[in-house]
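We name chains A, B, ... by the order of the sequence lines, and we start the count at 1 in each one. All values derive from a computational prediction rather than experimental measurement.
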Amino acid sequence: TCWCGFKMTQVIAAMETQLSNGPTCNNTSNGPSTISNNCSSPVESGSIEDSKTNLIVNYLPQNMTQEELKSLFGSIGEIESCKLVRDKITGQSLGYGFVNYVDPKDAEKAINTLNGLRLQTKTIKVSYARPSSASIRDANLYVSGLPKTMTQKELEQLFSQYGRIITSRILVDQVTGEETILSRGVGFIRFDRRIEAEEAIKGLNCQKPPGATEPITVKFANNPSQKTSQALLSQLYQSPNRRYPGPLAQQAQRFRLDNLLNMAYGVKSRFSPMAIDGVTSLAGINIPGHAGTGWCIFVYNLAPDADESILWQMFGPFGAVTNVKVIRDFNTSKCKGFGFVTMTNYDEAAVAIASLNGYRLGDRVLQVSFKTNKTHKA
DNA sequence: TAGAATT
């Protein structure tokens, strides 16, 4: 199994960064080998009414559904519409979507609170959507032959003379620890408009950047390769220690999923013949927290001002979260001290519980467990 | 020498 050597303190350290600093613009965890920027996309002047309410959400986890997207962003305010963009043929998520709020204030709040949120292996980006038009399509360039010493900033400086850069990225070899990032000498530049990209090709393809010994190649990028369901599965379930980048722990607690599954239900793993879809096929066994649509987790000792966003921030990094709910007093709207989180996969829920139970949030120590029948219904 | 940024 690949579920060995899981470093618990690493998870907590990474999470604390997120909780204390709030959402950031750091996208380094989107893919094992990339660095990228996170240029916001300011609203274009004189555009349609949606310009202050419509958001584009990038770097979504591959398995996140439109309903989960709506659930996440609906925790901010009323949503007018929500769309996850999918491949027309396979139906696979393309990893981005749109959320249009009723109130521009909620759109702004969503950018402030959800941009930079870590969900599984991704750090989502939330920004205003530009008005859809043909001129902004096919504006992405693939650049190769870059000097290995060239930084992302230098790359942007080189290309910015041709137009407004929406995103830039230099691919890097896998990061070991927090240092030593080695450029692969290739990257991407997305311009605001296709004509800008065309001009950049004319001006920079086969040219040597300042100080470089070799010319670079600049061309339109191909579409991202489709992944097979097999590859998606392995991305989801392999190498868990890659999923929580952060400082290496000196005294790492070790967590073994198989042990926990064995202790709990006597099953070897989610792929055991006994467990077609996790452990739900274990007929006749009363399984705590299992609500049919996922695993309901009880979170106790939340502060009165706790909101849904804190639950997304805490549980999102551990796997697929489909819903969060803070239980509030009807009159005061203050949190009554507890809430619920629904996670799709048992193993991810188990890791989240093992990691977050006893976690100190502010001056409170959380109690986190599978929801039992005697507690409040979600 | 390959990322899921325009519904």
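- Atom P of nucleotide B:dG3 and atom CD1 of A:Ile166 are separated by 21 Å, given to the nearest angstrom.
- Contact annotation for A:Tyr96: backbone-only contact, meaning every heavy-atom pair under 4.0 Å involves sugar-phosphate atoms and none involves a base.
- Contact annotation: A:Arg190 side-chain N/O to B:dA4 OP1/OP2 distance is not under 4.0 Å.
- Among the atoms of the strands shown, none is found under 4.0 Å from any heavy atom of A:Ala139.
- The side chain of A:Lys219 contributes no N or O atom lying less than 4.0 Å from OP1 or OP2 of B:dA2.
- Between A:Phe188 and A:Phe159, the distance from one ring center to the other does not fall under 6.0 angstrom.
- Between A:Arg169 and B:dA2, a side-chain N or O to OP1/OP2 separation shorter than 4.0 Å is absent.
- One finds a side-chain N or O of A:Arg184 lying less than 4.0 angstrom from the OP1 or OP2 phosphate oxygen of B:dA2.
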Discussion item. For a ring pair (Phe, Tyr, Trp, His ring centres under 6.0 Å) check, start with the C-alpha distance between A:Phe220 and A:Tyr142, then their side-chain angles and the critical distance, and finish with the verdict.
Written reply: CA-CA 6 Å; A:Phe220 282 109; A:Tyr142 175 71; over 10 Å; no
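- A:Thr217 comes within contact range of no nucleotide atom at all, as no heavy-atom separation falls under 4.0 Å.
- Applying the 3.5 Å distance criterion, the base of B:dT6 shares no donor-acceptor pair with the side chain of A:Arg137.
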Practice prompt. Quick one: do A:Tyr346 and A:Phe370 satisfy ring pair (Phe, Tyr, Trp, His ring centres under 6.0 Å)? Show the steps, please.
Written response: CA-CA 10 Å; A:Tyr346 173 82; A:Phe370 282 115; 5.5 Å; yes
